[in-house]
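First the proteins, then the strands, lettered A, B, ... as listed; each starts at 1.
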Amino acid sequence: MKLATKYFGEIEYDGEDVLFFTKGLFAFEEEKEFLLLPFADSGGMLLCLQSVGRSELAFVVMNPFSLKGDYAPELEREELAALEAEDSRQLCFYVLCVVKDPVSHSTVNMKCPVAINDENHRAMQVILEDGDYGMRHLLSEFGREAEDPC
Amino acid sequence: MLILRRKAGESLLIGEDIKITVLTTDDGGVRLSIDAPKQIPVLRSELLNAMNANRDAALESQPQELLKMLEGTRTGLQKAKKDRE
């Protein structure tokens, strides 16, 4: 299937790769289908969450574990149930970036990650109750280690 | 700004239609029940902040610049690691 994207021009994609957000994203509740497209040459650190329904709607997301090796998001029971997962550790997490100019002023939202169940392709954005995370961490705050988001 | 103290089981009435009851309290927080007409939205305040953060994240941006910055950091880190070995 073809899709016009914000950062990659027109791409071919497999319908099976689409992620389903039953509740959309905060402030974008009507957008239920997204594709996760990695930026080449980023070693898996930088990706794009592209809306399938709206070409111009796409978010730059990062692998949070590459920023903070001990990032440990815990979802509420209802959230896990909605994703049909038993444990937060079964899920993949990505955090949304606000890319600024100059780019060193960019921030990441560690408090509201996107949680993805790779098995059924269900996804949701959550607000973490626990943990000392904020919605606008400066990228420069983090030392970096390479880790897997899943 | 009104500041009140309520114990578990006690309530607050806001206007004619809104009632907030403290259900339980513990070190981790307060459990509240909110009785309000359907047309009045009741949101955790973080939700509004989360919506704004998402709106900002959806704006026009230059991820290629961010990519360059991250590449630089990774290369720097890899070099630092090699130098230590």
Peer 1: Spell out the residues in residues 12-47 of chain B that have some non-hydrogen atom less than 4.5 Å away from a non-hydrogen atom of chain A, in order of number; otherwise answer 'none'.
Peer 2: B/Arg44, B/Glu46, B/Leu47

Peer 1: Please tell me whether A/Leu37 and B/Leu66 are part of a single hydrophobic cluster in this structure, the criterion being side-chain heavy atoms less than 4.5 Å apart.
Peer 2: yes

Peer 1: Test of understanding: clusters of I, L, V, M, F, W, Y form through side-chain heavy atoms closer than 4.5 Å, transitively. Do A/Tyr94 and A/Leu96 belong to the same one?
Peer 2: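 In one cluster: yes.
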
Peer 1: For residues 49-61 of chain B, give me every residue with a non-hydrogen atom less than 4.5 Å from any non-hydrogen atom of chain A.
Peer 2: B/Asn49, B/Ala50, B/Met51, B/Asn52, B/Ala53, B/Asn54, B/Arg55, B/Asp56, B/Ala57, B/Ala58, B/Leu59, B/Glu60, B/Ser61

Peer 1: Do A/Ile127 and A/Val61 belong to the same hydrophobic cluster, where Ile, Leu, Val, Met, Phe, Trp and Tyr are linked whenever their side-chain heavy atoms lie under 4.5 Å apart, directly or via other members?
Peer 2: no

Peer 1: So do B/Gln64 and A/Tyr7 actually touch side chain to side chain, heavy atoms under 4.5 Å?
Peer 2: no

Peer 1: Anything under 3.5 Å between a donor and an acceptor, one on a side chain of residues 11-33 of chain A, the other on a protein residue two or more places apart or in another chain? List them.
Peer 2:
from	atom 1	to	atom 2	distance (Å)
A/Glu12	OE2	A/Lys2	NZ	3.0
A/Asp14	OD1	A/Glu16	N	3.0
A/Glu29	OE2	A/Ala27	N	3.0
A/Glu31	OE1	A/Ser51	OG	3.0
A/Lys32	NZ	A/Thr22	O	3.1
A/Lys32	NZ	A/Glu29	O	3.0

Peer 1: Nearest 0.5 angstrom please: B/Met69 CE to A/Leu139 CG, how far?
Peer 2: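 The distance works out to 4.5 Å.
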
Peer 1: If we define contacts as heavy-atom pairs under 4.5 Å, which of A/Ser106, A/Pro102, A/Cys97, A/Cys112 has the most with chain B?
Peer 2: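 Between A/Ser106, A/Pro102, A/Cys97, A/Cys112, the count favours A/Cys97.
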
Peer 1: Taking C-beta and beyond as the side chain, do B/Leu67 and A/Met45 meet within less than 4.5 Å on heavy atoms?
Peer 2: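 When only atoms from C-beta onward are counted, A/Met45 and B/Leu67 do not touch, as no gap falls below 4.5 Å.
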
Peer 1: Please state whether the side chain, the backbone, both or neither of A/Lys100 comes within less than 4.5 Å of a heavy atom of chain B.
Peer 2: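 Contact with chain B involves no heavy atom of A/Lys100 at all.
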
Peer 1: Please set out all donor-acceptor pairs under 3.5 angstrom arising from side-chain atoms of residues 78-86 of chain A, sequence neighbours excluded.
Peer 2:
from	atom 1	to	atom 2	distance (Å)
A/Glu79	OE1	A/Glu76	N	2.7
A/Glu84	OE1	A/Asn120	ND2	3.2
A/Glu84	OE2	A/Arg122	NH2	3.3

Peer 1: Is there a path from A/Phe59 to A/Met135 through hydrophobic residues (I, L, V, M, F, W, Y) whose side chains come within less than 4.5 Å of each other?
Peer 2: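 No, because A/Phe59 and A/Met135 fall into different hydrophobic clusters, even though each may have its own neighbours under 4.5 Å.
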
Peer 1: Which of the residues A/Val98, A/Val103, A/Asp130 is involved in the greatest number of heavy-atom pairs with chain B at under 4.5 angstrom?
Peer 2: A/Val103

Peer 1: Could you measure the distance from the OG atom of A/Ser42 to the NZ atom of B/Lys68? Nearest 0.5 Å is fine.
Peer 2: 15.0 Å

Peer 1: I need the minimum non-hydrogen distance between A/Val60 and B/Pro63, along with the two atoms involved.
Peer 2: CG2-CB, 3.8 Å

